[in-house]
Amino acid sequence: GVDAASAMATASEEVVFYPEEVTPIVNQSVEQVLSSATYVHEKVDKWQTEVVEGILKRLCALEKPFKYVVTCVVMQKAGAGLHTTSSCFWDNDSDGCALHRWENDTMHVVTTVFGLAV
């Protein structure tokens, strides 16, 4: 039999956002959309939509009890600096975020996934 303490431990383990589980999903979505792309300003909106929707679709398929927020910044490589920051008021025991950086010869891509337990 399963006692109440181990049942609680199992339940709480399942409701933890693990960035190391999310990063491969992010990388897969970014690669799928941008692996052969060259920066074209007019295509960025479409690419960003495809990346974030691909990530959300894969995350939802995991059927974990989280709400997700996904952001994607695409920046042309032109020598300019990019600085971002975020702050969250959340439960450090269950919620979290995964940051993913990707680049090719023409662009930088920074994708962030926030997972918030429901």
Side-chain angles (χ1 to χ4, degrees):
V2 175
D3 63 28
S6 59
M8 289 282 282
T10 302
S12 65
E13 286 171 20
E14 291 173 8
V15 187
V16 175
F17 182 87
Y18 293 108
E20 61 274 10
E21 291 178 1
V22 173
T23 301
I25 292 170
V26 175
N27 190 61
Q28 185 180 23
S29 293
V30 171
E31 284 283 333
Q32 182 177 346
V33 174
L34 297 172
S35 62
S36 61
T38 299
Y39 184 89
V40 177
H41 175 77
E42 292 77 18
K43 294 184 179 181
V44 172
D45 286 346
K46 178 180 177 284
W47 291 337
Q48 288 174 308
T49 298
E50 289 176 8
V51 167
V52 298
E53 287 180 357
I55 292 167
L56 283 172
K57 183 178 179 181
R58 288 175 171 99
L59 290 172
C60 290
L62 298 176
E63 297 184 356
K64 297 206 175 196
F66 288 97
K67 290 183 181 181
Y68 299 104
V69 177
V70 181
T71 67
C72 179
V73 176
V74 175
M75 182 176 168
Q76 182 177 16
K77 278 192 176 177
L82 172 67
H83 303 270
T84 66
T85 189
S86 64
S87 180
C88 301
F89 180 75
W90 61 19
D91 184 339
N92 286 328
D93 294 329
S94 59
D95 305 339
C97 71
L99 177 68
H100 180 266
R101 294 178 188 90
W102 183 92
E103 66 180 275
N104 65 15
D105 292 339
T106 63
M107 67 184 115
H108 297 281
V109 180
V110 180
T111 308
T112 307
V113 177
F114 298 91
L116 308 160
V118 266

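With values rounded to the nearest 0.5 angstrom, Gln48 atom CD is found 9.0 Å from Leu34 atom CG. Atom OG1 of residue Thr111 and atom CH2 of residue Trp102 lie 10.0 Å apart, to the nearest 0.5 angstrom. Taken to the nearest 0.5 Å, the CG atom of Asp95 stands 7.0 Å off from the CZ atom of Phe66. In this structure, the separation between NE2 on His108 and CZ on Arg101 is 11.5 Å, given to the nearest 0.5 Å. Separating the CD atom in Glu21 from the CG atom in Leu59 is a distance of 10.5 Å, to the nearest 0.5 Å. Between the CD atom in Glu31 and the OG atom in Ser36 there is a gap of 10.0 Å [rounded to 0.5 Å].
For the residue pair Asp45 and Trp47, no side-chain donor N or O sits within less than 3.5 Å of a side-chain acceptor on the partner.
Residues Glu50 and Lys46 are paired through a salt bridge, judged by an N-O separation under 4.0 Å between the basic side chain and the carboxylate.
The environment of Glu63 atom CD is sparse: at most 12 non-hydrogen atoms of other residues, nucleotides or ligands sit within 6.0 angstrom.
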Task: Val70 vs Thr112, side chain to side chain contact (heavy atoms under 4.5 Å, CB included): CA-CA, chis, key distance, verdict - done: CA-CA 6 Å; Val70 181; Thr112 307; over 6 Å; no

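Under the 4.5 Å side-chain heavy-atom criterion for Ile, Leu, Val, Met, Phe, Trp and Tyr, Val44 and Val26 are members of the same hydrophobic cluster. Placement of Trp90 and Val69 within a single hydrophobic cluster is found when ILVMFWY residues are connected by side-chain heavy-atom separations under 4.5 Å, directly or transitively. Hydrophobic cluster membership differs between Val52 and Val110, with clusters built from Ile, Leu, Val, Met, Phe, Trp and Tyr side chains linked at under 4.5 angstrom. In this structure, Tyr39 is a member of the same hydrophobic cluster as Val30, with clusters built from ILVMFWY side-chain heavy atoms closer than 4.5 Å. Connection of Leu99 to Val74 is not established within any shared hydrophobic cluster, with ILVMFWY side chains joined at heavy-atom distances below 4.5 Å, either directly or through further cluster members.
Within the 4.5 Å cutoff, side-chain heavy atoms of Asn27 are placed close to those of His100. By the 4.5 Å heavy-atom criterion applied to side chains, Val109 and Val73 are not counted as neighbours. The side-chain heavy atoms of Phe114 and Ser86, taken from C-beta on, include a pair separated by under 4.5 Å. The closest side-chain heavy-atom distance from Tyr68 to Leu116 is not below 4.5 Å. Considering only heavy atoms from C-beta on, Ile25 comes within 4.5 Å of Leu62 through its side chain. At a threshold of 4.5 Å between non-hydrogen side-chain atoms, the residues Val22 and Pro19 do not count as touching. You'll find the side chain of Val16 stays beyond 4.5 Å of the side chain of Asp93, heavy atoms only. Within the 4.5 Å cutoff, the side chain of Thr49 has no heavy atoms near those of the Val51 side chain.
Counting only distance, with no hydrogens or angles, the side chain of Gln76 and the backbone of Met107 share no donor-acceptor pair below 3.5 Å. The backbone N or O of Asn104 lies less than 3.5 Å from a partner atom in the side chain of Lys77, making a donor-acceptor pair.
The shortest heavy-atom contact between Ala80 and Met75 is O-CE, 3.4 Å.
Considering Arg58, Lys57, Glu53 as possible partners of Ser29, the one that fulfils the side-chain hydrogen bond (donor to acceptor under 3.5 Å, both in side chains) test is Arg58.
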